[in-house]
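Notes for the one structure printed next.
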Amino acid sequence: MVQISSTLVFAATLLSSFVSALPMADTLARRDYNEVNTNYQAPTIPQVQPQTVTVTVTKYIKGNDVNYSTQEPAYTTVQEQPVYSTSPAPVYTSVPASAPSWQYEMLNQVNAVRAKVGKAPLQLNSGLNTMAQGQSNYQSRIRQMTHANSAGSLGQRCTQVGLKWRGVAENVAYKYKDVTAVVQGWVNSQGHYANMIGNYNAVGFGENNLYWTQDFALI
């Protein structure tokens, strides 16, 4: 059985014609793709204006005489001190507990790959999970491994699931029998491996009739 891999960066149409010509029933295949959102604008952090509170400060002197044991106020003044409010840290949306167990298995394997090169673990994201599953369903329906989708480009699909993304990438594969096999196949391919250890913090997975999808995003 022959393994074929190809790296795709903004050339989905060209490689699609190449891959679609292959006898997919007898082939293990992989493809990767990524986009950068050049229109991304970071959320505006409101400038917190300090509130002032009036504090009465009483300062004391103490007598130097050893027989003088009391403290007496020297003077009293009024000062204004700023009081800042804090905001809670952002919380990423994660996949509900009802997510298929194989997705957690894949998450663990991907994060183990990232850990070997000192990268932070990814979080399983419900929106990316929906997006990846949709891509696997689409590939299964047309019986072709592809990053194209009638729903839109990779970035458009990411926006459609409600994510404000800065970068997004996708790995797809076909005919790998299980999670371990497909993850290892991606690890062995430079472009797919680069996506797996890339500058992302969220991920989603999909599978339908052995059409596998990984969607990564920096959100």
Side-chain angles (χ1 to χ4, degrees), residues 1-35 95 99-125 128-149 154 157-158 167-218:
M1 184 172 291
V2 179
Q3 287 192 340
I4 296 176
S5 64
S6 61
T7 299
L8 176 66
V9 178
F10 298 107
T13 302
L14 178 62
L15 287 183
S16 176
S17 61
F18 173 72
V19 173
S20 62
L22 297 176
M24 298 303 294
D26 298 320
T27 303
L28 295 179
R30 302 179 297 272
R31 297 182 70 187
D32 67 273
Y33 182 77
N34 63 75
E35 291 183 21
V95 171
S101 61
W102 71 263
Q103 291 180 340
Y104 291 103
E105 180 184 356
M106 182 171 284
L107 178 68
N108 290 336
Q109 293 191 23
V110 170
N111 281 338
V113 171
R114 292 174 63 85
K116 290 180 180 179
V117 292
K119 293 299 184 72
L122 301 173
Q123 292 189 354
L124 203 56
N125 181 277
L128 291 176
N129 223 39
T130 298
M131 175 178 164
Q133 187 59 51
Q135 187 64 16
S136 287
N137 293 345
Y138 180 79
Q139 293 176 94
S140 178
R141 185 167 68 251
I142 67 173
R143 297 188 178 184
Q144 179 182 338
M145 190 180 63
T146 180
H147 293 285
N149 192 309
L154 181 60
R157 288 186 278 122
C158 194
V168 62
E170 184 171 80
N171 288 342
V172 297
Y174 174 61
K175 208 90 187 251
Y176 287 84
K177 64 179 181 179
D178 56 31
V179 168
T180 299
V182 70
V183 169
Q184 190 58 49
W186 281 324
V187 168
N188 292 340
S189 172
Q190 183 177 358
H192 303 84
Y193 176 71
N195 282 344
M196 292 173 69
I197 64 170
N199 185 29
Y200 305 107
N201 54 16
V203 69
F205 307 122
E207 187 275 331
N208 189 332
N209 291 327
L210 297 185
Y211 285 94
W212 302 87
T213 304
Q214 291 181 323
D215 282 329
F216 305 88
L218 179 62

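Only a predicted model underlies this, so the values are computations on that prediction, with no experimental measurement involved.
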A side-chain contact here means heavy atoms from C-beta on lying under 4.5 Å apart; do Val203 and Gln123 qualify? no

Do Asn195 and Glu170 come within less than 4.5 Å of each other through their side chains, counting heavy atoms only? no

Separation between CG (Asp178) and CD (Gln184), nearest 0.5 Å, reads 11.0 Å

Identify the two heavy atoms, one from Ala217 and one from Leu128, that lie closest to each other, and give their separation to 0.1 Å. CB-CD1, 3.8 Å

With heavy-atom distances below 4.5 Å as the criterion, would you say the side chains of Met196 and Val183 are in contact? yes

For a quick test of reading the model, state the closest non-hydrogen atom pair linking Ser140 to Asn209 and the distance between them. OG-ND2, 2.8 Å

Taking C-beta and beyond as the side chain, do Arg157 and Leu154 meet within less than 4.5 Å on heavy atoms? yes

Partners passing side-chain hydrogen bond (donor to acceptor under 3.5 Å, both in side chains) against Asn199 (at least two apart in sequence or in another chain): none

Note, Thr213 side chain near Phe205 side chain (heavy atom, < 4.5 Å): no

Is it the case that the side chains of Gln135 and Asp215 hold a donor-acceptor pair, with the cut-off being a distance below 3.5 Å and no angle test? no

With no hydrogens and no angle check, is any side-chain donor or acceptor of Ser136 less than 3.5 Å from a backbone partner on Tyr211? yes

Does either side chain, that of Gln109 or that of Thr180, offer a donor lying less than 3.5 Å from an acceptor on the other one? yes

Between Asn208 and Gln139: side-chain donor-acceptor atoms closer than 3.5 Å: no

Kindly say whether Val179 contributes a backbone atom to a donor-acceptor pair with the side chain of Trp212 at under 3.5 angstrom? no

So do Val172 and Thr146 actually touch side chain to side chain, heavy atoms under 4.5 Å? no

If you look at every heavy atom in Tyr104 and Leu124, which pair is closest and at what distance? CE2-CD2, 3.9 Å

How far apart are the closest heavy atoms of Asn149 and Gly134, and which atoms are they? ND2-O, 4.1 Å

Report yes or no: do Gln133 and Asn137 form a side-chain donor-acceptor pair below 3.5 Å? yes

Tell me if a side-chain donor or acceptor on Arg114 pairs with a main-chain N or O of Lys119 at a distance below 3.5 Å. no

Quick one, Phe216 and Gln214 - any side-chain contact, counting heavy atoms below 4.5 Å? yes

Under 4.5 Å between any side-chain heavy atoms of Ile197 and Lys116, yes or no? no

Any side-chain to backbone donor/acceptor pair from Asn171 onto His192? Under 3.5 Å, distance only. yes

Check whether Asn125 reaches the backbone of Ala202 with its side chain - one donor and one acceptor, N or O, closer than 3.5 Å. no

Rounded to the nearest 0.5 Å, what separates atom CE in Met106 from atom CG in Leu122? 12.5 Å

